[in-house]
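Side chains are part of it too, since the values below use all heavy atoms of this structure and drop only hydrogens, waters and symmetry mates.
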Amino acid sequence: MAPRKIIIDTDPGQDDAVAILLALASPEEVEVLGITAVAGNVPLALTEKNARIVCELAGRPETRVFAGCDKPLTRTLVTAEHVHGKTGLDGPQMADPTMPLQDQHGVDFIIETLRAEPAGTVTLCPLGPLTNIALAFQRAPELVEKVQEIVLMGGAYFEVGNITPAAEFNIYVDPEAAKIVFDAGVPIVVMPLDVTHKALTTRPRVDAFRAMGTKVGEMVAAWTDFFERFDKEKYGSEGAPLHDPCVIAYLIRPELFSGRHVNVEIETSSELTLGMTVADWWRVTNRPANALFMGDMDAEGFFALLAERLARL
């Protein structure tokens, strides 16, 4: 079977970086048409730079990286340096990338790609705020029906929020964009905190990356050593959640995840619950289902896949 064509929309972030590495290490299952950067974990100038750093680390400097939106649709940008460090990839010292940033705007690349590819053959993989995807849908609404699927990391329900008591960071940064995407009618798969908080970087799992004896293994181990300090202190867990690679792992091995097809609405006005993903998990409303909202994962299988694929790089 031909690999699935994907566009990765991202705001790297150490866990975004691991997701990009997993995708680039899995050409049998996914073909990365391009990577679009968005402001989120850190500002756009850093996220586009970080995406190029990761491509070079993977030995894939031919991968096209585009800069997208530098702020949410209507709000002031909120960032997460308190988790990822001032560069977004704090931890090991990283050299500046030498591969070029593409001249085209990331939103224009998304639109152009969806126009050029056959309908139902491109999957969008947002790992950060949904600004680029929403703006593409606003500018070219006729292309919405051409998207094969959106598989995204964002939201939470039973795990509640990680940036506010009610909201997960990616959705909170640009809730208006998230609402546009969830209301668009595209098939959506959601990797919320309910799942990603089960993908913990325990010491044996991090040691397995380091034991690869490769630059990629060393970098991934060092990144997780850095960002897990925040989550371990916050949650009292034995490791930190490796959120974004869940998106790519689902494309490679969907059987690692389980969830329910339910209605998900985005709160855009409440002061208390702004950015909340209100998932009708128990189907207590008559609102039509619009997303496959994941609830569980095989964490051992997930980390085995990561170790196997990252060892290729």
Side-chain angles (χ1 to χ4, degrees), residues 9-11 13 36 38-44 47 68-83 106-107 110 124 126-141 144 147 150-197 234 243-244 247 259-295:
D9 188 68
T10 181
D11 61 338
T36 52
V38 67
N41 285 322
V42 287
L44 180 66
T47 61
C69 296
D70 63 358
K71 60 185 178 182
L73 294 179
T74 63
R75 298 181 183 271
T76 301
L77 177 65
V78 175
T79 54
E81 287 91 349
H82 61 289
V83 178
V107 173
I110 292 169
L124 304 178
L127 310 178
L130 290 162
T131 315
N132 287 339
I133 309 301
L135 192 56
F137 286 178
Q138 283 187 322
R139 288 183 180 173
V144 168
V147 178
I150 295 173
V151 184
L152 67 90
M153 189 277 132
Y157 191 66
F158 294 102
E159 277 286 311
V160 296
N162 63 354
I163 189 68
T164 74
E168 179 274 331
F169 176 81
N170 287 344
I171 306 299
Y172 177 80
V173 169
D174 199 343
E176 284 77 18
K179 181 171 177 56
I180 289 169
V181 172
F182 275 82
D183 289 350
V186 177
I188 297 177
V189 177
V190 183
M191 295 292 165
L193 300 183
D194 306 279
V195 164
T196 66
H197 277 188
K234 178 178 179 180
H243 305 283
D244 294 324
V247 167
R260 292 186 184 183
H261 196 225
V262 299
N263 178 267
V264 180
E265 300 290 335
I266 310 298
E267 179 57 61
T268 59
S269 59
S270 167
E271 290 184 13
L272 281 176
T273 59
L274 179 69
M276 183 178 182
T277 45
V278 183
D280 187 10
W281 186 259
W282 303 115
R283 301 186 177 104
V284 295
T285 74
N286 292 321
R287 295 193 290 264
N290 62 348
L292 177 55
F293 200 83
M294 292 302 180

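The two residues F293 and W281 make their nearest non-hydrogen contact at O-CZ3, 3.3 Å. The two residues T268 and E176 have their closest heavy-atom pair at O-OE2, 3.8 Å. Here the closest heavy-atom approach between residue G154 and residue I171 is recorded as C-CG1, 4.1 Å. The two atoms that bring L127 and D244 nearest to each other are O-OD1, 3.3 Å, heavy atoms only. For P192 against M153, the heavy-atom pair with the smallest separation is C-CE, 4.5 Å. The minimum heavy-atom distance linking S270 with E267 is given by the pair N-OE2, 3.0 Å.
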Chi angles and distances behind the side-chain contact (heavy atoms from CB on, under 4.5 Å) call for I163, E168: CA-CA 6 Å; I163 189 68; E168 179 274 331; over 6 Å; no
Taking it one step at a time, do R260 and L292 satisfy side-chain contact (heavy atoms from CB on, under 4.5 Å)? CA-CA 5 Å; R260 292 186 184 183; L292 177 55; 5.6 Å; no
Might you work through the side-chain contact (heavy atoms from CB on, under 4.5 Å) test for S269 and L274, ending with a clear yes or no? CA-CA 6 Å; S269 59; L274 179 69; over 6 Å; no
Would you check, one step at a time, whether the test side-chain contact (heavy atoms from CB on, under 4.5 Å) holds for V83 with F169? CA-CA 11 Å; V83 178; F169 176 81; over 6 Å; no
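Without hydrogens or angle criteria, D174 side chain to L130 main chain gives no donor-acceptor distance under 3.5 Å. Remark: side-chain polar atoms of N263 are not paired, donor with acceptor, to backbone N or O of D280 under 3.5 angstrom. Remark: the backbone N or O of A166 is paired with a side-chain donor or acceptor of T164 at under 3.5 angstrom. The main-chain N or O of V107 is never found under 3.5 Å from a side-chain atom of N132 such that the two would form a donor-acceptor pair. Of the possible donor and acceptor atoms, none in the side chain of T277 sits under 3.5 Å from a partner among the backbone N and O of A279. Side chain of D194 to main chain of A156: no donor-acceptor pair is present (N/O by atom type, distance under 3.5 Å, no hydrogens or angles).
Residues R75 and P129 are not in side-chain contact: their nearest non-hydrogen atoms beyond the backbone lie 4.5 Å or more apart. Residues V144 and V147 have side chains not in contact (no heavy-atom distance under 4.5 Å, counting atoms from C-beta outward). Side-chain contact between V264 and V278 is absent, with no heavy-atom pair separated by less than 4.5 Å. In this structure, the side chains of V42 and E81 come closer than 4.5 Å at one or more pairs of heavy atoms. Contact of the T79 side chain with the N41 side chain is not registered, since no non-hydrogen atoms from C-beta on lie closer than 4.5 Å.
When each of L124, D9, T47, T10 is tested with T36 by the rule side-chain contact (heavy atoms from CB on, under 4.5 Å), just one qualifies, namely D9.
Remark: Y172 OH is loosely packed, at most 12 non-hydrogen atoms of other residues, nucleotides or ligands lying under 6.0 Å away.
Between I266 atom CD1 and K179 atom NZ the span is 8.0 Å, to the nearest 0.5 Å. Summarising the geometry, atom CD1 belonging to I133 is positioned 11.5 Å from atom CD1 belonging to I180; distances are rounded to the nearest 0.5 Å.
Using cut-offs of 30° and 60° on the angle between ring planes, the pair H243 and H197 is tilted.
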